[in-house]
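To start, the structure under review is shown below, and the notes come after it.
Here is how names work: the chains are called A, B, and so on, in the same order as the sequence lines, proteins then strands, and each is numbered from 1. Quick note: numbers below take in every heavy atom, side chains included, and nothing from hydrogens, waters or symmetry partners.
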Amino acid sequence: MAGSRLEKFGTVFTRVRDLLRAGVLKPDEKPIWYDVYAAFPPKKEPLYQKPRRPRVPAADPVPQLFYKEDEIRAKFFEVYGNGPKAFELLMPNFISSCQKFVMKYSELESRGDIKPELLFEETAKALLSEGIYLRKRGGPVVAPESRDPLLSMKLTDMLAEQQKDKETNIPEKQPEAETLNPDSQTS
Amino acid sequence: MAAGVLTRVRQALRGPRLAAALFSCHGQTLSSAAAAVHSPAAATIETDATDKILNFPLTQPDYFHLSELFSMKDLFDARVHLGHKKGCRHALMEPYLFGCRLDMDIIDLEQTVDHLQRALNFTAHVAFRGGVVLFVSRRRQFAHLVETTARDCGEYAHTRYWKGGLLTNAPIQYNPGVRLPDLIVFLSTLNNVFREHVGIRDAAKMNIPTVGIVDSNCNPSLISYPVPGNDDTPAAMELYCRLFKMTIKRAKDKRRQMELLKGI
């Protein structure tokens with residue numbers, strides 16, 4: 001059976017069509033798929049395209065997908081981390097805690113009675129009333145217990161202070177020594 | 001390896017399925033067997049009828065009602081729209097992408113629906129005319145799925161190492177009268193080292209049309225009917241296998257039905 005092995009020139013269809021036209025392929029040797037391809041051609045001709053060196057285009061032809069809710073999501077993740085509920089990817093209609101937050105935020109925003117700066121806090125409060133407890137990232141803020149001030153003293157600071165005292169207190173120290181001496185002599 | 005490779009079809013296997021008169025109308029009858037000899041009158045009546053069977057379906061846009069097999073929502077639920085990361089993107093796939101969400105390519109499902117419809121339609125018509133379909137996929141994760149799909153619809157699959165001259169040197173690697181597939185369906189166009197599968201170039205060389213699922217890191221240029229879609233997720237692969245199996249079964253059943261009607 002005759003054929004044309006030049007895959008880089010024309011498409012499969014054009015090559016077979018030309019072979020039939022030239023008489024190289026007899027009409028009874030026409031491939032089964034030929035008529036089907038002629039009746040239902042593909043959207044784009046499957047021509048061979050040379051591998052071009054990838055040039056970095058000025059503008060990325062594929063658009064970045066961002067939505068208005070992404071700003072809310074970004075702030076949510078920054079403040080609350082991943083959120084209390086884990087993402088369940090196997091459920092197609094799963095609504096995460098972040099998504100609930102976004103929905104509540106948009107709802108309050110559309111209501112319009114709250115100032116934009118307070119909207120974030122208001123949404124958190126609204127979700128708390130619904131039973132979703134959002135914990136801020138970095139652990140809960142707890143007042144430190146009163147520690148003995150002696151424990152927070154550093155040895156280096158103590159030595160530096162002693163050095164400084166020695167220089168300034170030398171004249172003071174001698175009368176102290178004199179007063180102490182009679183006590184030591186008695187023993 | 002020999003046990004796992006289902007490769008060539010012998011013409012004898014296909015012979016009994018079709019009426020003897022049809023052989024002379026169909027192409028690709030490479031064999032040394034002598035063509036059947038019939039009386040001219042009977043032959044012309046039969047050829048008219050077979051022409052009607054063969055030509056009428058080509059006039060209908062959706063003869064096998066394949067658009068009812070899937071919807072865009074099914075594609076979305078099977079995660080067909082998920083592509084690879086931006087760095088893996090193939091330049092020629094850019095027209096088929098909807099956008100890029102945080103560096104992850106999203107394939108445009110509206111285009112996918114159209115391309116898939118055309119691909120399934122082509123497959124159905126080829127199977128209707130008794131064409132041999134070969135399923136190729138070099139993904140080890142889905143090798144068994146592809147092989148069972150091919151077996152269930154009575155076609156062939158090749159999910160193992162593709163030897164060099166499989167198509168281009170077939171008469172020598174197999175026997176001289178071997179029949180090559182009339183359509184090759186690539187359920188993944190890449191091989192195990194993420195390069196283009198040799199079968200795409202070989203099919204183009206041997207003038208065999210191809211249908212291929214092209215992901216965002218694949219080259220769609222030499223494939224006759226590319227279908228942009230995800231080829232990594234099991235859900236997506238199961239969907240494709242199911243769709244191809246149903247189309248081929250439908251086409252073959254329809255053909256058997258037409259043959260019976262003609263016989264009446």
Ignoring hydrogens and geometry, is there a side-chain-to-backbone donor-acceptor pair from B/Ser216 to B/His84 under 3.5 Å? yes

Which region of B/Glu196, side chain (C-beta onward) or backbone (N, CA, C, O), has a non-hydrogen atom less than 4.5 Å from a non-hydrogen atom of chain A, or is it both or neither? neither

Listed partners of B/Arg79 passing side chain to side chain donor-acceptor pair (under 3.5 Å), at least two apart: none

Flag the pair A/Phe120 / A/Phe101 as yes when their ring centroid distance falls below 6.0 Å, and as no otherwise. yes

What part of B/Pro220 gets within 4.5 angstrom of chain A, counting heavy atoms only: side chain, backbone, both, or neither? neither

I need the full list of side chain to side chain donor-acceptor pair (under 3.5 Å) pairs touching residues 66-82 of chain A, with sequence neighbours left out, sorted by first then second residue. A/Asp70-A/Arg73, A/Asp70-B/Arg101, A/Arg73-A/Gln99

Answer with side chain, backbone, both or neither: which region of B/Pro226 has an atom nearer than 4.5 Å to a non-hydrogen atom of chain A? neither

Measure up the A/Tyr37 and B/Phe122 rings against each other and bin them: parallel (under 30°), tilted (30 to 60°), perpendicular (over 60°). perpendicular

Highest number of heavy-atom pairs under 4.5 Å with chain A among B/Pro171, B/Ala235, B/Pro209 belongs to B/Pro209

Using only non-hydrogen atoms and a strict under-4.5 angstrom cutoff, which residues of residues 12-21 of chain A touch chain B? A/Val12, A/Arg15, A/Val16, A/Leu19

Tell me, out of A/Gln49, A/Lys8, A/Lys44, who's got the most heavy-atom pairs with chain B below 4.5 Å. A/Gln49

Would the distance check show the side chain of B/Asp74 and the main-chain N or O of B/Ser71 forming a donor-acceptor pair, the cut-off being under 3.5 Å? yes

Residues pairing under side chain to side chain donor-acceptor pair (under 3.5 Å) where one sits in residues 100-118 of chain A, two or more places apart or in two chains, turn out to be A/Lys104-A/Glu130

Go through the atoms of A/Pro41 and report whether side chain, backbone, both or neither lie under 4.5 Å from a heavy atom of chain B. backbone

If I measure from the heavy atoms of chain B, does A/Ser4 come under 4.5 Å with its side chain, its backbone, both, or neither? both

In terms of heavy-atom proximity below 4.5 Å to chain A, should B/Asn219 be classed as side chain, backbone, both, or neither? neither

Toward chain A, the part of B/Phe98 with a non-hydrogen atom under 4.5 Å: both

Option from B/Phe56, B/Phe64, B/Tyr225 for which ring-ring contact (aromatic ring centres under 6.0 Å, His included) with B/His125 holds: B/Phe64

Per side chain to side chain contact (heavy atoms under 4.5 Å, CB included), B/Pro228 is matched among B/Leu109, B/Ile107, B/Leu116 by B/Ile107

Contacting region of A/Pro63 [heavy-atom separation from chain B under 4.5 Å]: both

For the pair B/Arg129 and B/Asp182, find out whether any cationic side-chain nitrogen is under 4.0 Å from an anionic carboxylate oxygen. no

With chain A, which of B/Asn55, B/Leu92, B/Asp77, B/Asp103 has the greatest number of heavy-atom pairs at distances under 4.5 Å? B/Leu92

Name the region of B/Arg201, side chain, backbone, both or neither, that has any atom closer than 4.5 Å to a heavy atom of chain A. both

Does B/Arg255 pair with B/Glu259 as a salt bridge, N-O distance under 4.0 Å? yes

Give, as side chain, backbone, both or neither, the part of B/Ile223 having an atom under 4.5 angstrom from any heavy atom of chain A. backbone

With a 4.5 angstrom heavy-atom cut-off, could you sort out which part of B/Thr210 is near chain A: side chain, backbone, both or neither? neither

Tell me if the NZ atom of A/Lys43 is crowded by more than 12 foreign heavy atoms within 6.0 Å. yes

How long is the span from the OG1 atom in B/Thr168 to the CZ atom in A/Arg5, to the nearest 0.5 Å? 5.5 Å

